[in-house]
Number of protein chains: 2
Amino acid sequence: MQLDNDPQDPVWFDSWRGVLFASARILQVADRDMLEHDGFPLTWFDVLARLFDAPPAGMRMQELEELALFNRGGMTRLVDRIEAASLVRREPVPGDRRGVRVVLTAEGRNRYAAALLRHRQVIEREFGRRLTPAQHRAIADALWSWWHDVGPADATQDSG
Amino acid sequence: MQLDNDPQDPVWFDSWRGVLFASARILQVADRDMLEHDGFPLTWFDVLARLFDAPPAGMRMQELEELALFNRGGMTRLVDRIEAASLVRREPVPGDRRGVRVVLTAEGRNRYAAALLRHRQVIEREFGRRLTPAQHRAIADALWSWWHDVGPADATQDSG
DNA sequence: AGTCAGTAATTGCCAGAACAGGAACATTGC
DNA sequence: GCAATGTTCCTGTTCTGGCAATTACTGACT
């Protein structure tokens with residue numbers, strides 16, 4: 001936010017604006033592209049991705065909810081919609097009749113694979129090609145820990 | 001997406017995941033914090049920020065809509081809500097009776113300034129302190145062009 | 001067995017977001 | 001002056017998201 005570049009802004013603020021604007025702009029493009037070509041938005045893609053990487057028995061609703069990047073809460077309704085589109089199936093958990101396992105259908109698997117392929121092309125075009133490999137390496141190293149689940153330690157303390 | 005780290009993934013994909021996960025996680029925290037302490041979400045903050053940096057005459061709806069980071073369409077309704085909270089005012093455009101200028105009210109200016117102060121503290125805590133200045137500098141340099149409006153040129157061509 | 005706190009997921013409700021359509025106005029060319 | 005075309009913003013409608021309450025079940029304790 002705060003578009004004008006105030007020369008007294010600390011470095012981390014410029015860095016943050018870069019991360020923020022890049023992801024926001026690229027997601028706008030990617031979401032629109034996915035909706036148009038694959039027929040579902042990134043929120044679905046996020047869920048399908050988790051299930052694709054999950055063991056074949058699928059995942060519990062709670063796990064999905066915790067891992068979801070884009071939507072906080074409302075996972076029941078979201079899975080309802082994805083299920084109505086036959087990309088996903090709810091199955092009983094063997095030993096716990098309260099629980100539900102969410103599993104990819106064959107169609108869901110195929111549609112996800114196709115969407116992933118296209119999505120990667122979009123990201124490559126909008127992001128990958130626009131920086132040098134050295135720049136990508138620097139960013140990947142710096143932000144590595146955010147997608148490796150928990151946030152990293154304080155850089156001013158020594159911890160690695 | 002695609003949580004597991006496939007060793008054959010290109011560098012730009014790791015880099016992208018870093019940007020994506022970092023911004024998503026940090027925005028979740030920042031949005032919740034702002035809602036709780038300032039009484040409005042990041043979508044409002046985004047609009048207020050544009051107006052704060054705009055000339056005193058304010059901005060047209062269209063400009064706001066184009067620049068908005070978080071909000072896809074529906075700017076009329078969004079400005080309705082912000083206006084109902086007295087943070088913003090619609091004024092006629094002298095010479096074009098279709099048009100509207102959206103202007104910050106005094107209260108809007110104050111509330112924005114307070115929110116910005118707190119927001120920066122949150123970002124510093126969640127992001128600023130977690131990387132070294134060198135890392136921040138690298139990211140800021142690489143992603144500079146995304147918040148300097150249009151995306152950068154292809155890194156494989158020479159353009160700077 | 002019977003009760004009771006704890007857990008998993010769904011439902012209802014309302015604010016907010018997305019999308020299409022339309023009214024009011026400006027601008028251009030005749 | 002007048003019609004044709006594009007702009008600017010709003011309204012109607014439908015869908016999504018967030019939160020609290022609810023249902024259905026489990027596991028432990030008596």
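To find a chain, count down the sequence lines: A is the first, B the second, and so on, and within it residues start at 1.
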**Q.** Listed nucleotide nearest any side-chain atom of Thr76(B), set dA8(C), dT10(C), dC9(D)
**A.** dC9(D)
Q. Just how far is it from atom CZ of Phe70(B) to atom OG1 of Thr43(B), taken to the nearest 0.5 Å?
A. 8.5 Å
Q. In whole angstrom, what separates Met61(B)'s CE from dC25(C)'s C1'?
A. 16 Å
Using a 3.5 Å cut-off and no angle test, enumerate the donor-acceptor pairs between side-chain atoms of residues 75-84 of chain A and protein atoms at least two apart in sequence or in another chain.
from	atom 1	to	atom 2	distance (Å)
Asp80(A)	OD1	Arg90(A)	NH2	2.2
Glu83(A)	OE1	Arg90(A)	NE	2.9
Glu83(A)	OE2	Arg90(A)	N	3.2

Q: Working to the nearest 0.5 Å, report the span between CH2 of Trp44(A) and CG of Leu87(A).
A: 6.0 Å
Q) Whole-Å distance between dT16(D) P and Met75(A) CE? A) 14 Å
**Q.** Bend angle of the helix from dA1(C)-dT30(D) to dC30(C)-dG1(D), from helix axes over five pairs at each end, nearest 10°
**A.** 0°
(Q) I need the Tyr112(B) OH to Asp53(B) CG distance, nearest 0.5 Å. (A) 5.5 Å
**Q.** Spacing between Leu64(B) atom CG and dC10(D) atom C1', to the nearest angstrom
**A.** 16 Å
Q. Got a sec, which residues hit side chain to side chain donor-acceptor pair (under 3.5 Å) with Arg32(A), two or more places apart in sequence or on another chain?
A. none
Q: Check DNA chain C against residues 87-105 of chain B and give the residues with a non-hydrogen atom under 4.0 Å, in numerical order.
A: Gly95(B), Asp96(B), Arg97(B), Arg98(B)
Q) Cation over ring, Arg111(A) on Phe40(A), under 6.0 Å and within 45°? A) no
List, with names and distances, any nitrogen or oxygen atoms from the protein found under 3.5 Å away from nitrogen or oxygen atoms belonging to nucleotides 15-19 of chain C.
from	atom 1	to	atom 2	distance (Å)
dA17(C)	OP2	Arg81(B)	NH2	2.1
dA18(C)	OP2	Arg72(B)	N	3.4
dA18(C)	OP2	Arg72(B)	O	2.4
dA18(C)	N6	Arg77(B)	NH1	3.2

Q) Atom CG in Asp38(B), atom CD in Glu36(B): separation rounded to 0.5 Å? A) 10.0 Å
(Q) What is the separation between atom CD on Gln62(B) and atom P on dA24(C), rounded to the nearest whole Å? (A) 19 Å
Q: Mind listing the closest non-hydrogen atom pair of Arg120(B) and Pro10(A) along with its distance?
A: NH2-CD, 3.1 Å
(Q) For Thr105(A), is there any backbone N or O sitting under 3.5 Å from a side-chain donor or acceptor partner on Arg89(A)? (A) no
Q. Does Asp31(B) have any salt bridge (charged side-chain N to carboxylate O under 4.0 Å, His left out) partners at least two apart in sequence or in another chain, and if so, which?
A. none
Q: Take atom CD of Glu63(A) and atom C1' of dA8(C), then tell me their distance rounded to the nearest Å.
A: 12 Å
Q: Examine distances only and state if a side-chain atom of His119(B) and a backbone atom of Ala115(B) form a donor-acceptor pair shorter than 3.5 Å.
A: no
Q | Whole angstrom value for the distance that separates P of dG17(D) from CD of Gln28(B) | A | 14 Å
